[in-house]
Amino acid sequence: MEAHIAVSRNQHFPVQLSDPTDSVERAHRAGDALQVNPFTHRPYSEKYFDILKKRKDLPVWQQQKDFVNILKKSQTLILVGETGSGKTTQVPQFVVDAGYTVNGKLCVCTQPRRVAAMSVARRVAEEMDVSIGHEVGYSIRFEEVTGPKTLLKYSTDGMLLREAMTDPLLRRYSVIIIDEAHERTLATDILFGLLKEVLLKRRDLKVVVMSATLEAQKFQGYFLDAPLMQVPGRLHPVEIFYTENPERDYLEATIRTAVQIHACEPPGDILVFLTGEEEIEDACMKIKREVSNMGDRVGDIMVVPLYASLPPQQQQRVFDVAPSSRNTRTSRKIVISTNIAETSLTIDGVVYVIDPGFAKQKVYNPRIRVESLLVSPISRASAHQRAGRAGRTCPGKCFRLYTETSFKRDLQEQTYPEILRSNLGSVVLQLKKLGIDDLPYGKDPPAPETLMRALELLNYLDALDDEGNLSQVGFVMSEFPLDPQLSKMLCASPQFNCSNEILSIVSMLSVPNPFVRPRDQQFEADEARSQFCHIDGDHLTLLNAYHAFKQNGGDTGWCHKNYLNMRSLKSADNVRTQLVRLVSRHNIAVVSSDFTSKDYYLNIRKAVLSGYFMQVAHLERSGHYLTVKDNQLVSLHPSTCLQQKPEWVLYNEFVLTTKNYIRVCTEIKGNWLLDIASHYYDLSNFPECEARRVLERLCS
DNA sequence: GAGCACTGC
């Protein structure tokens with residue numbers, strides 16, 4: 001097999017053997033051509049051979065020849081390989097070794113997550129004995145680590161989609177590999193639709209779809225019966241246990257099961273899947289309490305919560321090893337995690353998995369235009385993935401807290417792809433930019449109502465004309481990596497003389513909530529936040545917080561003291577830098593009003609309204625807010641800075657939790673609606689309601 | 001008067 005590789009490399013890099021520049025090197029090559037790295041022209045390092053030995057043990061290694069032969073004959077190929085098959089690191093190298101990356105064309109392999117793109121690229125650079133950023137690189141938002149010599153690039157799926165907007169035929173690439181296709185991210189699904197078209201126009205392009213599940217067979221039909229290859233995974237067996245009867249309270253059952261495993265099962269760490277922060281913190285506390293009540297009958301435990309909003313140092317704790325017990329019993333680590341441990345984070349040493357069968361999932365209701373998070377049953381594919389987490393280092397056990405009948409009968413085979421659960425405003429805009437009219441959505445087309453909502457939004461924002469064609473402002477809007485409302489607000493902001501401030505607000509709105517509010521320090525956190533409050537609304541509060549952050553030089557201690565999330569603020573700052581670059585490319589002026597002018601804040605609020613005029617609520621005489629046109633009963637979110645209830649508010653977000661809340665609100669005036677969004681507030685096309693009567697009075 | 005699954009440009 002090694003010889004095969006060396007031969008194919010030499011074939012594709014004939015220059016190295018025929019044109020040695022140095023006599024010592026020539027002698028070396030003549031003696032042992034296999035030892036020379038065709039990319040660096042240098043002998044392979046010792047490490048290379050160490051790694052090579054391990055690569056040869058990967059299940060996928062055996063199928064290199066088959067893979068290359070099939071790829072030669074077919075324009076597309078589907079490859080199914082479970083965890084541990086080595087497909088992500090090896091297949092792109094097969095492509096390079098087979099000579100597809102000559103004449104300046106690249107092989108790109110997409111990943112749904114930034115961390116994966118980065119770490120896999122580093123690993124592959126090591127395997128190929130080259131430096132990262134040279135022959136092998138990666139490309140993720142805010143970070144382009146590639147160079148003129150790059151042959152192989154790992155990219156986030158979203159990044160490749162962005163690239164398609166400037167190069168719709170993706171001409172830079174000879175081979176495009178879509179990895180983790182089973183995850184069905186929004187970007188991956190759109191890439192599917194796009195690639196299907198590109199394949200027809202570029203007969204020289206090869207597309208490889210890699211997936212962990214056999215759902216891939218469905219991709220096969222989508223890509224004109226592409227051949228399918230299967231690679232075995234490498235996991236230890238995991239024994240599955242179901243409950244006899246359905247559990248009434250899954251949280252209670254989870255805690256009971258964890259304690260039982262700890263008391264009765266052989267050594268090995270436990271991974272528990274729950275749905276969110278509050279539930280996880282609660283379970284951590286209860287498990288600790290129960291185990292400590294058992295005293296010396298059991299060993300010590302280390303209970304570690306894991307969820308995305310946890311500060312990075314605390315996330316790192318899941319990799320700590322449980323300290324040994326004070327008594328002779330086994331000590332154990334118990335990790336209680338959201339779905340983050342299902343896909344993004346792998347914890348070695350887990351032997352037991354507890355799967356209550358739920359996760360928070362995004363759902364979109366196009367009727368009221370609301371995206372929300374709902375605790376819902378997971379799919380069988382997801383249950384399978386969770387169980388697999390128990391078999392990474394040795395044989396394991398998975399305890400499913402539902403019945404086998406329920407598993408077979410009630411759970412769906414796959415999680416609904418994201419494209420069916422999302423607001424598609426931004427997606428439709430991107431596709432219009434790509435010149436695609438009969439929107440290709442892969443094999444799961446979204447609900448017609450979802451599409452209608454997206455087209456309607458873009459039309460009201462003037463991004464699309466009545467025929468659905470991209471307008472001039474729509475073209476510029478599509479260039480920003482933002483929701484259409486935010487792009488519109490940015491494009492319109494120079495007219496209100498405040499693009500500088502809107503850049504900051506838009507950036508703050510596109511990162512996770514910068515205000516931290518720990519459960520045990522709510523009062524202190526609220527006090528800290530009140531320093532930034534602006535009486536006219538939460539958008540201006542965000543602006544104040546951003547300005548304060550900058551004035552304090554982005555200091556960690558300062559953020560901590562003021563209950564601000566440093567990660568969020570840094571990321572907002574990165575977004576802002578990126579937006580400033582894009583804004584200047586499209587000749588949008590960066591301007592500010594005089595800070596002391598009475599119009600300073602007024603202008604900003606009007607600019608925000610120019611993107612968010614469809615998200616306005618009116619205070620009824622009854623004392624309740626109704627959203628305009630949709631007439632949904634909503635309440636100001638308790639986190640708002642608004643001190644009394646203004647008659648008109650614009651909101652950034654509609655959240656459905658214990659109640660319908662509108663979050664991040666700013667006071668506006670009724671007549672602004674008529675001035676700034678007359679087409680939307682056209683009273684001849686307006687449902688009968690109190691808001692309409694108020695607006696009618698303003699008109700006359 | 002209260003949460004924020006997870007990604008991504």
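A note on names: the letters A, B, ... follow the listed sequences, proteins ahead of strands, and every chain is numbered from 1. Predicted model only: the values in this text are computed from it and were never measured.
At the heavy-atom level, A/Ile340 lies under 4.0 Å from the strands shown only through sugar-phosphate atoms. Residue A/Asp483 is out of contact with every strand shown, counting any heavy-atom pair closer than 4.0 Å. When heavy atoms are screened at a 4.0 angstrom cut-off, A/Arg162 is found touching base atoms of the nucleic acid. Contact annotation for A/Ala359: no contact, since no heavy-atom pair falls under 4.0 Å across all strands. Backbone-only engagement by A/Thr658 is indicated by non-hydrogen atom pairs under 4.0 Å involving sugar-phosphate atoms exclusively. Among the heavy atoms of the strands lying under 4.0 Å from A/Arg517 is at least one base atom, whether or not backbone atoms are also near. A/Gln522 comes within 4.0 angstrom of a nucleotide base, judged by non-hydrogen atoms across all strands. Nucleic acid contact for A/Asn513: base, since at least one base atom lies under 4.0 Å from a heavy atom of the residue. Using a 4.0 Å heavy-atom criterion, one finds that A/Thr657 contacts the sugar-phosphate atoms exclusively. Note on A/Lys659: nothing from the nucleic acid sits closer than 4.0 angstrom, heavy atoms only. Within the nucleic acid shown, A/Ile140 comes within 4.0 Å of sugar-phosphate atoms alone, with no base atom in reach, counting heavy atoms only. When heavy atoms are screened at a 4.0 angstrom cut-off, A/Tyr661 is found touching the sugar-phosphate backbone but no base atom.
No hydrogens or angles considered: nothing links the side chains of A/Lys645 and A/Tyr625 as a donor-acceptor pair under 3.5 Å. Side-chain atoms of A/Asp526 and A/Tyr563 form no donor-acceptor pair, as typed in the model, at a separation below 3.5 Å. Checking A/Gln414 against A/Arg184 by side-chain atom types alone, no donor-acceptor pair falls below 3.5 Å.
Using a 4.5 Å heavy-atom cutoff, the side chains of A/Thr666 and A/Val608 are not in contact.
Protein chain A touches strand DNA chain B; the 5'-most and 3'-most nucleotides with an atom under 4.0 angstrom of its non-hydrogen atoms are B/dG1 to B/dC9.
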Sequence neighbours excluded and cut-off under 3.5 Å, please list the side-chain donor-acceptor pairs for residues 372-385 of chain A, or say none.
| residue | atom | partner | partner atom | Å |
| --- | --- | --- | --- | --- |
| A/Ser376 | OG | A/Gln361 | OE1 | 3.1 |
| A/Ser376 | OG | A/Leu374 | O | 3.2 |
| A/Ser379 | OG | A/Ser382 | N | 3.2 |
| A/Ser379 | OG | A/Thr415 | N | 3.3 |
| A/Ser379 | OG | A/Thr415 | OG1 | 2.9 |
| A/Arg380 | NE | A/Glu413 | OE1 | 3.1 |
| A/Arg380 | NH1 | A/Phe407 | O | 3.3 |
| A/Arg380 | NH1 | A/Lys408 | O | 3.0 |
| A/Arg380 | NH1 | A/Leu411 | O | 2.8 |
| A/Arg380 | NH2 | A/Glu413 | OE1 | 3.1 |
| A/Ser382 | OG | A/Glu342 | OE1 | 3.0 |
| A/Ser382 | OG | A/Glu342 | OE2 | 2.8 |
| A/His384 | NE2 | A/Glu82 | OE1 | 3.3 |
| A/Gln385 | NE2 | A/Glu342 | O | 3.2 |

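Comparing A/Glu278 and A/Glu418 by the nucleotide of DNA chain B whose heavy atom lies nearest to each, the residue mapping closer to the 5' end is A/Glu278.
Put simply, the side chain of A/Ser478 gets close to the backbone of A/Phe475: a donor and an acceptor are under 3.5 Å apart.
Salt-bridge formation is not detected for the pair A/Glu279/A/Lys360: no Lys NZ or Arg NE/NH1/NH2 atom is positioned less than 4.0 Å from an Asp or Glu carboxylate oxygen.
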